[in-house]
Student: 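First, the structure itself, so that you have it in front of you.
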Amino acid sequence: MKVTVDPDRCQGHAQCWDLCPEVFSLDEEGHAVVTAEAVPAGLEAKASRAAANCPERAITVSPALP
Ligand code: F3S
């Protein structure tokens with residue numbers, strides 16, 4: 001599973017970082033940065049929940065390429 005953040009949509013709500021700090025960090029302006037674009041299997045549920053809770057729908061979850 002892969003996650004990406006659309007910087008044009010991210011408004012710095014920080015729900016992603018709050019829910020899954022193993023995958024999302026915040027830059028100096030408080031916008032999301034993905035630190036583990038290829039999400040480890042054990043963190044997929046947390047990362048998906050983080051994506052679902054972004055108020056701006058800035059996070060895209062996609063299947064890992066084979
Ligand atoms: Fe940005 Fe959404 Fe996270 S607005 S900081 S990607 S919760």
Student: Who pairs with E29 by side chain to side chain contact (heavy atoms under 4.5 Å, CB included), at least two apart in sequence or on another chain?
Tutor: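 Testing E29 for side chain to side chain contact (heavy atoms under 4.5 Å, CB included), a comparison that skips the adjacent residues, returns D27, H31.
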Student: Who are the salt bridge (charged side-chain N to carboxylate O under 4.0 Å, His left out) partners of E22, not counting sequence neighbours?
Tutor: K46
Student: Consider only side-chain heavy atoms of I, L, V, M, F, W and Y, link residues closer than 4.5 Å, and tell whether L43 and L19 are in one cluster.
Tutor: no
Student: For A32 and C10, which heavy atoms make the closest approach, and how far apart are they?
Tutor: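 Nearest heavy atoms, A32 then C10: N-SG, 3.4 Å.
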Student: Please give the remaining members of the hydrophobic cluster of V33, linking ILVMFWY side chains under 4.5 Å, ordered by chain and number.
Tutor: none
Student: Side-chain contact test, heavy atoms from C-beta onward, threshold under 4.5 Å: evaluate it for Q11 versus P55 and give yes or no.
Tutor: no
Student: How would you list, by chain and number, every residue that makes a side chain to side chain contact (heavy atoms under 4.5 Å, CB included) with A45, sequence neighbours excluded?
Tutor: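 For A45 there are no side chain to side chain contact (heavy atoms under 4.5 Å, CB included) partners, ignoring immediate neighbours.
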Student: Say whether, by atom type as modelled, one donor and one acceptor occur between the side chain of T35 and the main chain of V23 under 3.5 angstrom.
Tutor: yes
Student: How close do M1 and A47 get, heavy atom to heavy atom, and via which atoms?
Tutor: CE-CB, 3.6 Å
Student: Measuring only between side-chain heavy atoms, which start at C-beta, is D18 closer than 4.5 Å to F24?
Tutor: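 They are not in side-chain contact.
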Student: How would you list, by chain and number, every residue that makes a salt bridge (charged side-chain N to carboxylate O under 4.0 Å, His left out) with E37, sequence neighbours excluded?
Tutor: K2
Student: Just one of V39, T4, V5 clears the side-chain contact (heavy atoms from CB on, under 4.5 Å) bar with V34, so which one?
Tutor: V5
Student: Kindly write out the residues that satisfy side chain to side chain contact (heavy atoms under 4.5 Å, CB included) with C54, not counting sequence neighbours, or none if the list is empty.
Tutor: E56, A58, I59
